[in-house]
Amino acid sequence: MEMKSVSYQCPNCGAALEYSAEKQGFKCLFCDSEFNETEIKKEFSENEQIKLDKADPTLSDEQREIEEFTGASALYNCPNCGAGVICGELEASVHCHFCHTPVILTGRLSGSYKPDLIIPFATTKELAKQAFNEYTKGKFLLPNGFKKNAEIVDISALYVPYWLKSGLVNASLAATAKKIRTWRSGDRRYTHTKVYNVQREAELAFVRVPCDGSKRIADELMESIEPYNYSGIKPFSMSYLSGCAAEKYDVSYPDAETRLDLRIQAAAQEELKADIKGYSTVSVSSCQTTYKQSVGVYALLPVWFLNYRYNGKDYPFVMNGQTGSRFGILPVSKIKKFLFGAGIFVAVAAIGLLLGGLLFG
Amino acid sequence: MAKMMKRVFAAAVALVVMAAAFVMPAYAEGHIASVLDFNSSLSFDDEMELREQLIHTAGEIDCNIGVMYTDKLYGETPQDYVLRNINERFGENSDSAMFLLCDDPEGYSWVQFTGKADGYNEIAGQILTELTFEDVENGAFAAGKLFGELLTEKVHLEPSADSDISLPTTGKSYAAAIEDTDDIFDSTEELRLEGLLAKAALNAQCNMGIVITEKLSGEPGDVADDYLDKQFGKDSDSIVLLLTTDPDGHDFLTFSNRANERYSGNKKTIFDAVYEGLVHGYSSAVESFCGAFGVDIPEKESSSTGSKFLVRLEDYDNCISESDEGILLKIMQNTADKIECNVGVVISADLGGKGDSEYADDFADESFGYGSDNVVLLLCNDHIHYDWISAYGRGTDLFGHRIDDIFDCIYDELDSYGYASAVEGFCKALVKYGANAGDDHYYDYDDDYDYVFDSEDIETAVTIWVFPLVLALILSITISNGVAKGYTKKTPVSARVYLNSQRKKFLKRSDVFVNEYTTSVRISSGSSSGGGRGGGGGRSRSGRSGGGGRRR
C-alpha cells in the first residue's frame, strides 16, 4: 500500500528544497535560493495542514489498522518523479533514490508517531568531518597509518527519535556520616569518630531528561553527546526534515521510561548527597524518588553519524547536531598500548626503587 | 813546706769543689710532694700549707712524700692501696714515703716506705700510732703535718745514685695537682694522672696543674691565674692548663716566671697535643699534656681484639650481673669494630640533676672524648626522664635517622628478657643499621657472640625490590587500560544537568548524632637532640651531635 509523502520544492525553479543548518533556513539545491521558515510555512501551508494528529479514538479498529499499516508500509511514490521506492521500516524522511528529492513520509509521522518537538540541525556536514579529524588528534594509541587508511564510509545527518521526560520529583536520602579526627600524643596515635544519621529530602524538578527511542542506536552512544540545548527546541514541523534523514521510534515510552527513571533517581541521589557536607565519610543507605508530576514528549533531535572503516572493521562516530559535542569509537593499537604500559612500568619502578633504597636501604 | 801544703790543700779543696760541682748533681735528686684529699678532709688553705711543708720535707730527706685522705679503699687492703699509689704517682721502686689516713670502716690507716726508705717500714707502725693519736686529737690536717715533721726527725737517707728520676739542677721539688670539678675521673684514674703530671712537673722543672671544670667564675685566663697563685704561689714556676667543658667556654694555658720564659712559646704545640688526646677522652688529654713534657705514657691495656674503638658499659643500678657484663662488653666491642664507632651503654636511675640528653652526651664525651665517633645508650630508670640515644660524628650519620628503629629493638628485648638482652638488642640494631651500610646483607650472632653472615633480609628486600615492581606493574596496567578504554567508552552525562536548580526545594535536613568512639594505636616516636660545642682560650673546639630519646 502506498504511503503518503510530501516534498518541498523551490518556488522559483521547482527543484528540491533542503533545510540548511548553516543558514538555519531552507535552500534550493539548484538555484541556491534561500527561504526562511516563515516563508516556507506560508508557501507550503498545504503541507503544514496535513494532519499528523495523534491516534483518533473515533476510528474503528479496521481503520486504525489500515492507518498503522500505512505508517508501516515500505513503499512510496516520489512526489517529484513518481518513482516507486521501498524504504526502511523506521525511516520517516528519505531522499528519492532516483531524483534525490528529499521526501518526507507523512505516514510515519502521524498518529502516535507524530513528534511534539524538534531541534533543527545547527552544524553542517563539513563541521562533522572536521570534528572527526579533531577528535582523532592526540590519540597516541591509534594504530599507525590510521588517518591515512581510515576510510569514511558514510556521513549522514539523522533526526533521532527521543523521549523527553519532565517531572517534579520528591527525593529522599538516608545515609550514615562520620566525622573523624586523629591526633598524636606520645607514642600513640588516637582516632576519634563521631557517627551521625543523616537524612535529606527535597523536591526536584527535572526538565526534559532524554532517552533515545531507537533500538538500533546504542543509548550510551547518544548519552555521550548530551546535553542538548533546549532553548533551541521548537514545535515540530515537517519542513525541518527536508534534506535530513529521520526515523520514527521503535522504543515505546513505557520502555524508555524505565531507563529515564533510573537516570533521574541517580541524579536525585547525587544532588541530595552533595548537600551533605562537613563529614569525613558519607555512606548512603537508601534513596527513594516519587513523582508528583511527570510528562513525556516525543522529539526529534539532530545527530551527525559518521561511519568509517579501518582494517575491514566499521567504527561509528557521532556528533551532536546542535552543540557539536562528539564521541567516536576508535581502534587501539595493541603494540602501542603495550609500549605505553611498559613506559609507565619503567618510570614507576625506577621511582619506587629509588625511594625504597633511600628510605629502607 | 808550709807553702807547699797550703797549695796542696787549696788544690784539694778545688778538686772537692769541682767534684762536688760534678758529683752533687748525681746525688741531687728531684722529689715529689703530693697531698691527695679524696674525702675533703682539708680546707683549701690547709691543703696548700701542708703541700708547702711536704715539699720542704721531701727536699730535706731526699724522698718523695705523699699524704692521702680517703674513706673508700674499694676492697683493696690499705697496704696495697698505698703501694699502688706510690707506684703510680712516684714510680716503681722510687724512694718514697706515703701516709694514708683512711676513714673507711672496713679499712685502716697506713704508712709505707719504699725504695731506699724501705728500711723505715720497721718504725712505720710507731709513726702510724703517733699520727693516729694526732688525728684523733687535732684532726686530719694536724696528722698530715706531723707526718712531715716525723719524717724530718726520723728519716735520713743516703743520696741514691741510681734514681731514674731526672735531676733538677736546683734539687727543688715540684708540685702536681689536678682539679676535676666535674668528676670526670674516678679516684683511681685521677691518682694515675697526677702521677704522670708529677713526672711532667719534674721534667719541666716547674709546678704543673690541670683544672677541668664547666663553670668558669670569670675569664678563662683569670681563672687559670687564680688557680696557679693559690695552688703554687704567685712567685712559683708553674704551668696551669684549664680545660673547660662549657660549650661556650675557652680553654687556657698559663705560665709563670721561669716556666713562662721556657714554655710560653710552645703554647700551640702543647694545645695540639692536648686536643689530639682529647679526641679519646680527658684522660688521654692529660696524658698528652704530660707527654708534651717528655713523660712516657704507658700503653693502656687494649681489648682482646686490639680494636681502636672503645666501649664502656656502666650499670649504676645493678641491673646486669657481672657475668653478663663481661659477655656484653665483648659484644659491644664487636659492635664497635663492625660499625667503626665507639659504643657506650649507661643504666642509671639518678642523672645527677642533668637532663636525659645532657647526661647521655656528657657520658659520651667523658668516655670517648669530645669529637669522637660514638653512639651511647642511656637507659634511665627514674621513670621521669626519657631513655636516650646520643650519637656523634659517624654515629649520627649511621643512626641519626634510625633512633626509633633502634629503640624498637631495645624494648622488644627489655620487655621480654631484661636489661642484658636489651643491651644485646641495642648492639644488634647498631650492626643491622650501621655495619656496611648500604649492603643488602645484615649480620647476626652465633652462640659465641661472634658475628656470622646471615641470609638476605627478606622483609627489607621485599620492601626495596618487590613492592615497587608490583606497584609499577599494577599502575602500568591500570593506566594503559584506562587510557585505552577512553577510546571505546565515554562516561555518560549525569541527568543532574537537566535539573532546574531554581525549583529545587529542600524539605528536610536532618543530622542526628548517634555515638562516638576513640581508638588508638602505638606508633614510633622520638625526638632528636642536637647541640654544638665550642671552646677557646687560645684554641676553640666545635662539633655537632645527634641522637634521640623515648619514654618507656
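Scope of the values below: all heavy atoms of this structure, side chains included, with no hydrogens, waters or symmetry mates. Note on naming: letters A, B, ... go to the chains in the order of the sequence lines (proteins, then strands), and numbering restarts at 1 for each one.
- For chain A, no part of B:I477 is nearby; none of its heavy atoms comes within less than 4.5 Å.
- Side-chain contact between B:F513 and A:V195: absent, with no pair of heavy atoms (C-beta onward) separated by less than 4.5 Å.
- No part of A:A266 comes within reach of chain B, as not one of its non-hydrogen atoms sits under 4.5 angstrom from that chain.
- Side-chain contact of A:E270 with B:S494: a donor-acceptor pair under 3.5 Å is present, judged by distance alone.
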### Message
Between A:E220 and B:K489, does the salt bridge (Lys or Arg N to Asp or Glu O under 4.0 Å) criterion hold? Intermediate values first, please.
### Response
CA-CA 8 Å; A:E220 293 82 10; B:K489 277 192 177 181; over 6 Å; no

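- Salt bridge absent: A:E203 and B:K504 never bring a charged side-chain N and a carboxylate O closer than 4.0 Å.
- With chain A as partner, the option from B:D511, B:N500, B:T488, B:V483 having the largest number of non-hydrogen pairs under 4.5 angstrom is B:D511.
- B:N515 and A:K194 form no side-chain donor-acceptor contact under 3.5 Å, judged by distance and modelled atom types alone.
- Looking only at distances, a side-chain donor or acceptor of B:Y487 sits under 3.5 Å from a matching main-chain atom of A:L141.
- Of the two parts of A:K336, neither the backbone nor the side chain holds a non-hydrogen atom closer than 4.5 Å to a non-hydrogen atom of chain B.
- Contact of A:Y315 with chain B is not made at all, since no heavy-atom distance falls under 4.5 Å.
- Within 6.0 Å of NZ in B:K505 there are 12 or fewer heavy atoms belonging to other residues, nucleotides or ligands.
- Using a 4.5 Å cut-off between heavy atoms, A:S325 contacts chain B through its side chain alone, with no backbone atom that close.
- Contacts between B:V493 and chain A at a heavy-atom distance below 4.5 Å involve backbone atoms as well as side-chain atoms.
- Only the side chain of A:A274 comes within less than 4.5 Å of a heavy atom in chain B; its backbone stays farther off.
- There is no contact between A:F338 and chain B, counting heavy-atom distances below 4.5 Å.
- Of the atoms belonging to A:L221, not a single heavy atom falls under 4.5 Å from chain B.
- Neither the backbone nor the side chain of A:D219 has a heavy atom closer than 4.5 Å to any heavy atom of chain B.
- Using a 4.5 Å cut-off between heavy atoms, A:Y190 touches chain B through backbone and side chain atoms alike.
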### Message
Run the ring pair (Phe, Tyr, Trp, His ring centres under 6.0 Å) test on A:F206 and B:Y498 for me, step by step, so that the C-alpha distance in whole Å, both residues' side-chain angles and the decisive distance to 0.1 Å come before the verdict.
### Response
CA-CA 6 Å; A:F206 289 90; B:Y498 303 106; 8.6 Å; no

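- You'll find the side chain of A:L353 reaches within 4.5 Å of the side chain of B:W465, heavy atoms only.
- For chain B, the nearby part of A:R208 is the backbone; its heavy atoms alone come within less than 4.5 Å.
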